[in-house]
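Data first, discussion second: the structure below is written as structure tokens.
The sequence lines fix the lettering, A, B, ..., with proteins before strands; numbering per chain opens at 1.
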Amino acid sequence: MEYNHRDIESRWQQYWKENKVYKAEINPDKPKFYVLDMFPYPSGAGLHVGHPLGYIASDIYSRFKRLQGFNVLHPMGYDAYGLPAEQYAIQTGQHPEVTTRQNIDRYRSQLDKIGFCYDWDREIKTCDPEYYKWTQWAFMKMFGSYYDKTADKAMPVSDLTAHFEKHGTDGVNAACGKEMTFTAEEWNSYSEKQKSDVLMNYRIAYLGNTMVNWCPKLGTVLANDEVSEGVSIRGGYPVEQKLMYQWCLRVSAYAQRLLEGLDRIDWTDSLKETQRNWIGRSEGAEMRFPIADSDVELEIFTTRADTVFGVTFMVLAPESSYVKMVTTPDRKEAVEAYLNEVKHKTERERMIEKTVSGVFTGSYAVNPLTGKKIPVWVSDYVLAGYGTGAIMAVPAHDSRDYAFARHFSLPIVPLIEGCDVSEASFDAKSGKMINSAGAELNLNGMEVKDAIAATKRFIEEKGIGKVKVNYRLRDAIFSRQRYWGEPFPVYYKDGVPHLLDESKLPLLLPEVDKFLPTESGEPPLGRAKEWHTEDGYQLELNTMPGFAGSSAYYLRYMDPHNDNALVSAEANGYWQDVDLYIGGTEHATGHLIYSRFWNKFLYDLGAVVKDEPFRKLINQGMIQGRSNFVYRIKDTNTFVSFGLKKDYDVTPIHVDVNIVSNDILDTEKFKAWRPEFNDAEFVLEDGKYVCGYAVEKMSKSMFNVVNPDDIVEKYGADTLRLYEMFLGPLEQSKPWDTNGIDGVNRFLKKLWGLFYKGGELLANDDAPSKESLKSLHKLIKKVGWDIENFSFNTSIAAFMICVNELSQQKCRSREVLGQLLVVLAPFAPHIAEELWHAIGHTSTIVDAQWPSFNEEYLKEDVVTMAVSFNGKARYNIEVAADTPRDIVEKIALEHEGAAKWLEGKTVKKIIVVPGKIVNIVVA
RNA sequence: GCCUGAAUGGUGGAAUGGUAGACACGAGGGACUUAAAAUCCCUUGGCCAUUACGGCUGUGUGGGUUCGAGUCCCACUUCAGGUACCA
């Protein structure tokens with residue numbers, strides 16, 4: 001009987017499915033283990049071989065944990081809301097739900113062929129009302145909460161209003177958009193609209209006027225992580241800044257907790273560092289600079305309080321509200337002209353040009369430490385959204401201020417001993433202070449670090465400013481002007497937003513005639529005829545962004561069909577959190593921040609038991625494409641082989657990788673590939689046409705897409721799984737190269753050959769030989785260690801070695817072969833299951849027990865040790881494994897070769913590494 | 001600019017500070033075959049030898065620590081990824 005992967009794999013996949021072998025249920029008698037993949041967005045292109053990489057790794061880990069006796073939760077689902085389906089709908093009129101369902105079906109069939117151990121009964125789709133009910137629910141809870149900084153957690157807004165009624169803002173310590181002060185009387189006299197506006201300043205989900213990334217081509221706003229270098233990540237369309245009234249989530253309130261939480265989770269240092277940078281905590285001081293002859297005070301933020309004696313001008317962001325207050329009448333025209341100029345520059349232009357520009361406002365600020373008057377300028381290098389939107393400029397010690405000062409010929413005062421500011425600023429935070437003495441504060445001679453501390457202390461004492469921590473992390477913009485997303489459970493009554501009653505959830509996405517904005521520029525939901533409450537109030541027209549549905553999906557898997565809660569206390573109490581999360585790094589500053597925020601919020605509510613959702617996270621590398629090229633001689637239809645192309649004037653042309661094998665082109669298939677190549681001619685080398693290659697993104701236009709279905713059809717799922725792991729370290733990005741897949745396929749055939757010869761089963765009940773046990777236990781030890789360390793590629797090498805050894809030993813022991821199969825089962829479950837039953841087992845290998853290895857079998861009787869002189873290996877000696885050190889030394893020195901290396905030298909010392917090395921140090 | 005990470009044969013990649021190149025691909029040679037495919041065996045970092053299970057050299061560059069460094073430390077070069085007028 002030959003190894004027939006088609007028959008074996010379909011048969012066992014069917015069996016696992018029918019018997020619900022992978023169903024996970026709460027079992028308090030067993031320890032739980034939750035393994036999660038980042039769920040995919042089902043795109044129209046289907047899966048290519050890069051997608052399953054992480055899924056295969058998590059599948060191996062899940063199966064391994066299960067064999068070890070854990071109750072494993074390993075679910076899968078779809079992040080089903082998204083722009084591509086909607087763009088497609090706009091073009092074709094096809095409802096996004098239809099497209100999405102088709103794509104999901106395609107994904108499912110592709111995934112099924114690879115033999116994953118998902119519990120499909122727990123499948124979720126973010127566009128399913130049963131699921132998005134809980135996305136809407138969480139939004140309502142956020143709307144109904146504010147962040148209390150004293151309690152350091154989210155609290156009900158009703159607590160806040162109760163406080164306002166009694167004490168106004170007195171004693172309130174809450175995260176908010178801007179500081180507010182009012183009395184209880186004032187609060188009580190406010191209209192409903194006014195109260196609503198005030199509360200928006202505190203709610204965790206709030207409506208706010210914010211500068212957003214507006215993408216006119218997509219007709220929607222985008223989050224910061226959906227934009228890169230001034231263009232949208234999806235589609236690559238230009239993005240501009242626009243002020244809009246939008247739903248936002250007060251993620252910034254959680255900045256400190258998001259930062260601290262990183263210390264308690266097992267993620268890579270680089271990913272944690274990326275998040276730390278994104279959160280961007282910086283400690284500094286806020287300081288007030290009064291404007292001369294005016295009541296206005298400029299509040300600025302600085303991390304370099306020590307440089308206050310070197311401030312030679314002030315700069316305001318163009319969007320800053322200070323600009324109007326300080327511009328003098330004679331400068332009004334110039335300032336307005338500048339603001340207008342800046343407004344019409346897109347983010348992209350600003351970034352590319354990076355030219356210095358600005359305008360003087362006509363006002364002067366007074367340095368509170370020196371009393372000197374300094375000019376106030378406006379420039380677009382200061383950002384409105386960070387700090388206070390105003391800075392004190394210290395050109396000697398900040399490169400941006402330096403460029404500005406040089407451009408406008410403003411003075412530069414060095415503050416650090418020995419620094420040279422004739423060519424560039426001195427930005428380093430080290431050295432001794434000079435030129436920094438005022439009437440009340442003298443920093444001269446201090447180290448920068450001490451000077452910063454001294455200045456902070458001084459300004460707090462004098463009431464000039466206060467110590468302040470700033471974060472770069474912004475609130476998340478939560479509105480999208482799109483159709484294909486979760487509707488907000490919100491309606492408007494007299495311009496005031498209200499929540500729907502919880503019993504009305506889920507609020508279903510309505511039908512529309514077209515998926516485009518309305519003529520009046522409203523989002524697509526403006527087209528829905530019945531889009532209002534029973535009593536006629538208008539429902540919210542925006543929908544939620546992509547990250548809404550993916551922020552808590554891991555919780556829903558714990559209890560996917562619960563209609564009364566996102567997750568029951570019982571299910572959450574048992575499954576707790578994700579023990580292992582596998583996915584790409586591209587989510588580092590998007591999903592992985594939002595999820596952590598969302599989870600912490602739910603934790604504050606008491607809805608979940610863990611405040612960090614993902615205990616350990618592994619990032620699988622990206623699989624890039626490997627494109628092949630043919631070289632056409634200019635103005636001909638003749639193609640020249642790679643090695644000879646230098647002799648001709650050629651144009652490289654992408655060629656479909658599926659008609660190339662080991663970089664050799666199948667010239668007949670090439671002629672048939674496209675009509676224009678039908679009469680192609682070739683200049684060959686050694687009778688072959690050799691193609692060039694390049695590593696590029698895997699995409700249709702490069703003709704380098706490799707479909708997993710084709711691999712499964714030709715070699716089988718087990719071969720695909722092994723080969724994907726064998727390509728290299730999981731976390732490393734690498735190009736897909738089908739060359740080499742024969743190696744792992746041969747391995748599976750050899751494995752099969754251990755069990756069958758002809759049609760005859762070879763396994764027997766003979767006692768296993770000592771060397772077979774050694775081969776086996778070496779494998780068990782190695783693979784167990786490898787899986788825990790995600791070093792799957794080296795495991796596969798170990799399997800190959802083991803099978804070769806057992807084959808040479810003619811090992812047919814049922815016991816040894818059985819344990820080999822159990823160890824292999826996480827990697828190649830189909831063939832393992834098949835052979836497991838072939839040698840007489842009746843229960844599935846999925847439920848077998850991971851074998852423990854026995855060190856006794858691994859011990860060597862005789863070991864070979866390398867003898868080296870001054871570290872250079874010279875000859876080997878063989879000694880019994882338990883030979884004492886002094887005897888080993890003696891044997892090494894008595895070796896026939898020793899004399900040659902010892903001639904005329906004296907032995908200084910001998911280092912013995914048992915079982916490995918004897919190093920003789922000679923003079 | 002800043003932050004990560006990487007650099008080892010023709011290729012993908014192995015190596016708790018202990019004989020670098022496991023395992024695999026590719027290539028070359030051989031067996032079987034009318035032939036091909038499949039399968040099996042041998043060789044395969046470079047250089048020099050080939051009477052020798054022989055010598056030299058070798059993990060981006062230059063230093064250092066060590067009996068011993070691909071691995072640790074310092075400086076540098078190159079590449080990849082992330083991030084940026086964040087004061």
Side-chain angles (χ1 to χ4, degrees), chain A residues 2 228-229 268-278 280-282 284 300-305 307 315 317 350-351 354 356 379-383 385-394 397-401 403-404 427 470-474 585-586 588-589 619 621-622 624 626 662-664 693 695 722-723 726-729 731-747 749-750 753 785 791 793-801 804 864-876 907-922:
Chain A
E2 289 298 302
S228 174
E229 302 199 348
T268 59
D269 289 338
S270 72
L271 187 61
K272 286 186 188 179
E273 200 55 30
T274 305
Q275 290 214 339
R276 284 193 191 104
N277 291 338
W278 191 259
R281 180 190 159 99
S282 67
I300 59 96
F301 175 76
T302 180
T303 55
R304 290 295 302 272
T307 59
V315 188
R350 269 206 204 181
M351 236 152 42
K354 264 196 179 175
V356 178
S379 174
D380 65 356
Y381 83 86
V382 175
L383 304 178
Y386 184 76
T388 60
I391 62 154
M392 62 177 212
V394 185
H397 302 290
D398 182 286
S399 51
R400 296 152 303 178
D401 297 345
F404 194 84
D427 292 5
N470 254 332
Y471 297 93
R472 205 185 77 109
L473 185 70
R474 307 292 173 78
T585 20
E586 67 272 20
T589 55
N619 291 119
M622 274 246 289
Q624 295 137 310
R626 187 179 187 277
N662 289 325
D663 291 338
I664 309 295
Y693 72 90
V695 173
L722 288 175
Y723 188 57
F726 188 64
L727 271 178
E731 303 189 47
Q732 190 176 304
S733 285
K734 55 233 163 199
W736 177 268
D737 184 355
T738 309
N739 300 340
I741 197 167
D742 289 325
V744 290
N745 191 239
R746 271 174 212 143
F747 156 71
K749 288 180 185 162
K750 278 182 198 163
W785 191 90
S791 176
N793 54 332
T794 52
S795 286
I796 292 163
F799 282 120
M800 290 173 174
I801 294 168
N804 272 339
T864 305
M865 294 177 68
V867 180
S868 53
F869 289 83
N870 289 345
K872 209 153 192 99
R874 295 304 175 185
Y875 51 83
N876 294 332
V907 175
K908 283 170 77 179
K909 66 172 166 176
I910 302 178
I911 290 107
V912 178
V913 181
K916 289 186 174 168
I917 298 279
V918 183
N919 189 20
I920 299 163
V921 184
V922 291

Inter-nucleotide [atom1] distance ([N], [M]), Å rounded:
N     : M     : atom1 : answer
B:U59 : B:G46 : P     : 15 Å
B:A75 : B:C3  : P     : 12 Å
B:G60 : B:A7  : P     : 8 Å
B:A80 : B:G26 : C1'   : 26 Å
B:A49 : B:G81 : P     : 45 Å
B:A6  : B:A52 : P     : 45 Å
B:U57 : B:G9  : C1'   : 14 Å

Without decimals, in angstroms, what is the distance between [X] [atom1] and [N] [atom2]?
X        : N     : atom1 : atom2 : answer
A:Gln624 : B:C79 : CD    : C1'   : 13 Å
A:Ile920 : B:U19 : CD1   : C1'   : 14 Å
A:Ile741 : B:U11 : CD1   : C1'   : 16 Å
A:Tyr723 : B:C23 : OH    : C1'   : 13 Å
A:Trp736 : B:G13 : CH2   : P     : 13 Å
A:His397 : B:G1  : NE2   : P     : 21 Å
A:Phe799 : B:A24 : CZ    : C1'   : 16 Å
A:Lys750 : B:A24 : NZ    : C1'   : 10 Å

Tell me what [X] touches on the nucleic acid: a base, only sugar-phosphate, or nothing, going by heavy atoms under 4.0 Å.
X        : answer
A:Arg281 : nothing
A:Asn876 : base
A:Leu727 : sugar-phosphate
A:Asp737 : nothing
A:Arg276 : nothing
A:Lys272 : nothing

(message) So for A:Lys916 and B:U16, does any side-chain atom that can act as donor or acceptor lie under 3.5 Å from a complementary atom in the base?
(response)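 Yes.
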(request) Kindly say whether, by distance alone, the side chain of A:Arg746 makes a donor-acceptor pair under 3.5 Å with the base of B:C40? (result)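 It does not, because no donor-acceptor pair links the side chain of A:Arg746 to the base of B:C40 below 3.5 Å.
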Phosphate contact ([N] OP1 or OP2) by [X] side-chain N/O below 4.0 Å:
X        : N     : result
A:Gln732 : B:G5  : no
A:Lys734 : B:G12 : no
A:Asn739 : B:U11 : no
A:Tyr386 : B:A87 : yes

(message) When you compare the side chains of A:Tyr723 and A:Asn745, does any donor N or O come within less than 3.5 Å of an acceptor on the partner?
(response)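 No, A:Asn745 and A:Tyr723 have no side-chain donor paired with an acceptor closer than 3.5 Å.
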(request) Please report the closest heavy-atom contact between A:Asn870 and A:Val922, naming both atoms and the distance. (result)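 Heavy-atom minimum between the residues: OD1-N, 3.0 Å.
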(message) Using a strict threshold of under 4.0 Å (side-chain N to carboxylate O), is an ion pair present between A:Asp427 and A:Arg304?
(response)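 No, this pair does not count.
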(request) Classify the glycosidic conformation of B:G9 as syn or anti, calling it syn when the angle lies within 90° of 0. (result)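 Syn.
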